[in-house]
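To start, the structure itself, in structure tokens.
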Amino acid sequence: MYTLTTCASFDSAHFLKGYDGKCANLHGHRWTIKVTIAAPALQHGGQKDGMVIDFGDLKKAVRALADDWDHALIYEEGSLMPATLAAMEAEHFRLIAVPFRPTAEHMAKHFYVALFSQGLPVHEVQVFETPDNCAGYSGEEA
């Protein structure tokens, strides 16, 4: 099996509503998305001869994903009071509502599915909240 791996980082905030600990408070991370793709064989012929895919294509897709999440507040739908959301929107804060609790585990699966849906042969996605702590997802795309 051949693999390629690339990373991209973004800065965003989140909180975990209902969590009994520090992460219930709004806080930020320098998130890193580490993506590994895999294929049993390399391409033959043409410009991409001897490659799984062009590294540039992989880096572009992962960087675009990270850029979409950069400098935003990531929050679970329904976890903020309407008045809080209205105030943040009035201040023109960048908000990303997600249908899941914004844990590194859920984000890893979300990014996996997003990249797989672009036709990339995704093997695993890891999401680092800190340089020493990450969660990963590999498996079914569903």
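All values derive from a computational prediction rather than experimental measurement. Position 1 is the first residue of the sequence, and the numbers go up from there.
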Exercise for the section: For the pair Tyr137 (side chain) and Val113 (backbone), establish whether a donor and an acceptor sit closer than 3.5 Å, ignoring hydrogens and angles. Expected result: no
Exercise for the section: Group every Ile, Leu, Val, Met, Phe, Trp and Tyr by side-chain heavy-atom contacts under 4.5 Å, then state whether Trp69 and Leu80 land in the same group. Expected result: no
Exercise for the section: Please answer: with hydrophobic residues joined when any side-chain heavy atoms are less than 4.5 Å apart, are Met88 and Ile96 in the same cluster? Expected result: no
Exercise for the section: Would you check if the side chain of Arg94 reaches a backbone N or O of Asp70 as a donor-acceptor pair within less than 3.5 Å? Expected result: yes
Problem - Carboxylate-amine/guanidinium contact Arg30 Asp11, below 4.0 Å - result: yes
Handout entry: Check: Thr36/Thr3 side-chain N/O donor and acceptor closer than 3.5 Å
Key = no
Problem - Contacts of type ring pair (Phe, Tyr, Trp, His ring centres under 6.0 Å), residue Phe100, not counting sequence neighbours - result: His106, His110
Handout entry: Check: Arg63 side chain, Cys7 main-chain N or O, donor-acceptor pair, under 3.5 Å
Key = no
Practice task
Measure across Ala8 and Ala66 and return the closest heavy-atom pair with its distance rounded to 0.1 Å.
Solution key: CB-CB, 3.8 Å
Exercise for the section: Enter the distance from Cys134:SG to Lys34:NZ here, rounded to the nearest 0.5 Å. Expected result: 7.5 Å
Handout entry: Co-membership, hydrophobic cluster, residues Met107 and Phe128, 4.5 Å side-chain
Key = no
Problem - Spacing of Phe15 atom CZ and Tyr75 atom OH [to the nearest 0.5 Å] - result: 9.0 Å
Exercise for the section: Please say whether more than 12 non-hydrogen atoms of neighbouring residues, nucleotides or ligands are located less than 6.0 Å from CD in Gln47. Expected result: no
Exercise for the section: State plainly whether one hydrophobic cluster holds both Phe116 and Leu58, where clusters connect Ile, Leu, Val, Met, Phe, Trp and Tyr through side-chain heavy atoms under 4.5 angstrom apart. Expected result: yes
Fill in the blank from the handout: Correct closest heavy-atom pair for Val35 and Leu115 would be CG2-CD1, 3.6 Å
Completion exercise
Correct closest heavy-atom pair for Ser9 and Thr32 would be OG-OG1, 2.8 Å
Side-chain donor-acceptor contacts of residues 37-46 below 3.5 Å, not counting sequence neighbours, with atom names and distances?
unit_1 : atom_1 : unit_2 : atom_2 : d
Gln43  : NE2    : Val52  : O      : 2.8
His44  : NE2    : Leu42  : O      : 3.4

Completion exercise
Residues Tyr112 and Val125: closest non-hydrogen pair is CA-CG2, 3.6 Å
Practice task
Answer with yes or no whether the hydrophobic clustering places Leu95 together with Val98; edges join I, L, V, M, F, W, Y residues whose side-chain heavy atoms lie under 4.5 Å apart.
Solution key: no
Practice task
Can you label the angle between the Phe111 ring and the Phe10 ring as parallel, tilted or perpendicular, going by 30° and 60°?
Solution key: perpendicular
Fill in the blank from the handout: Output for pair (Glu124 CD, Ser138 OG), nearest 0.5 Å, gives 5.0 Å
Handout entry: Straight-line distance of Thr6 OG1 to Ile33 CD1, nearest 0.5 Å
Key = 10.5 Å
Throw together a table of side-chain donor-acceptor distances under 3.5 angstrom for residues 19-27, partners on residues two or more places apart or in other chains.
unit_1 : atom_1 : unit_2 : atom_2 : d
His27  : ND1    : His14  : O      : 3.4
His27  : ND1    : Asn25  : O      : 2.7
His27  : NE2    : His14  : NE2    : 3.1
His27  : NE2    : His29  : NE2    : 3.2

Handout entry: Between CD1 on residue Ile53 and NZ on residue Lys59, distance to nearest 0.5 Å
Key = 11.5 Å
Practice task
For the pair Lys48 and Asp57, find out whether any cationic side-chain nitrogen is under 4.0 Å from an anionic carboxylate oxygen.
Solution key: yes
Exercise for the section: Please lay out, stage by stage, how Leu73 and Phe93 fare under the test side chain to side chain contact (heavy atoms under 4.5 Å, CB included). Expected result: CA-CA 8 Å; Leu73 169 59; Phe93 287 132; over 6 Å; no
Completion exercise
Closest heavy-atom pair, His71 versus Ser12, reported as atoms and distance to 0.1 Å, is N-OG, 3.6 Å
